Peer 1: 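Can you keep this structure in mind? I'll have questions shortly.
Computed over heavy atoms, backbone and side chain alike; hydrogens, waters and symmetry mates excluded. No experiment lies behind these values; they were computed from the predicted model shown. Counting convention: from 1, in listed order, for ligands and their atoms alike.
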Amino acid sequence: MRVALFGGTFDPIHRGHLAIAKAAADAFRLDTVLFAPVGRQPLKLEGTPTPFADRLAMVALATASDLRFAVSDLDAPRPDGAPNYTIDTITALQRQMPQSTLFVLVGADSFLNLRHWRQPDQLLTMTDWIVVSRPGFSLEDLSPLKLTPAQYSRIHLLNSVHEDVSATDLRRRLQQEDPCSDLLPPPVLQYIQHHHLY
Ligand code: ATP
């Protein structure tokens, strides 16, 4: 099994997330893309995200149409309120799926920030990475990441996605009562309206 972990705040999940998951699944013959909303994102501790249960429910609705997509609560909020670190998530997944080939799927902006993650060198050597293009973030110069040849060999770049959408922008527009129907799957928009989110 070829499995990609796709973590994120998903507040809310949008067309950009779905586009990179589909492109990665197609290009790297993934059996499963595991969407894992994060309880507390260590690099976004300011502000309160939408409750985890709502973000998880929206991810489930958005991913129902592709059999390769699955949802996981592996990164649910911790009982002690501590942030969720990717290093712990990957360690847990590798234990749960020892026979699988594991990838981490990220957008260019997240990957370029990797030196701020917990234990970046270990992260870069313990798994393969699929890094997908995002408008405004260039993947041409990875030198700031100071990759060793072994780390570099585990990075797979995918430059075919050009989705200029962010959850921050979506939230702003939703607050202004713009339904953003071009950027959200219809069941997600219905969920947002029904639960009065944003
Ligand atoms: P926010 O605007 O709230 O920071 P976001 O739109 O960046 O949110 P996240 O849930 O933080 O969404 O992102 C989860 C993952 O998806 C990250 O790896 C991010 O780089 C990637 N991603 C999100 N939107 C895009 C996009 N439009 N193109 C490529 N990658 C994306």
Peer 1: Applying side-chain hydrogen bond (donor to acceptor under 3.5 Å, both in side chains), run through D141 and S143 and close with a yes or a no.
Peer 2: CA-CA 6 Å; D141 179 16; S143 61; 2.6 Å; yes
Peer 1: Taking it one step at a time, do F111 and W129 satisfy ring-ring contact (aromatic ring centres under 6.0 Å, His included)?
Peer 2: CA-CA 9 Å; F111 189 68; W129 292 75; 5.8 Å; yes
Peer 1: Any carboxylate oxygen within less than 4.0 angstrom of a Lys/Arg side-chain nitrogen, looking at R154 and D128?
Peer 2: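 A salt bridge is present here (some side-chain N lies under 4.0 Å from a carboxylate O).
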Peer 1: Give the protein residues with at least one non-hydrogen atom closer than 4.0 Å to an atom of ligand 1, ordered by chain and number.
Peer 2: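 Correct list: F6, G7, G8, T9, F10, H14, G16, H17, I20, K44, V106, G107, D109, S110, S133, R134, E163, V165, S166, A167, T168, R171.
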Peer 1: Is any side-chain heavy atom of M58 closer than 4.5 Å to a side-chain heavy atom of F10?
Peer 2: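 Heavy-atom side-chain distance check fails, nothing below 4.5 Å.
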Peer 1: I'd like to check Q119 versus T86 (side-chain heavy atoms, cut-off strictly below 4.5 Å). Are they in contact?
Peer 2: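 Result no, sub-4.5 Å side-chain heavy-atom pair not found.
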Peer 1: Going by salt bridge (charged side-chain N to carboxylate O under 4.0 Å, His left out), name the residues that satisfy it together with R171, two or more places apart in sequence or in a different chain.
Peer 2: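 Per chain and number, R171 pairs via salt bridge (charged side-chain N to carboxylate O under 4.0 Å, His left out) with no residue.
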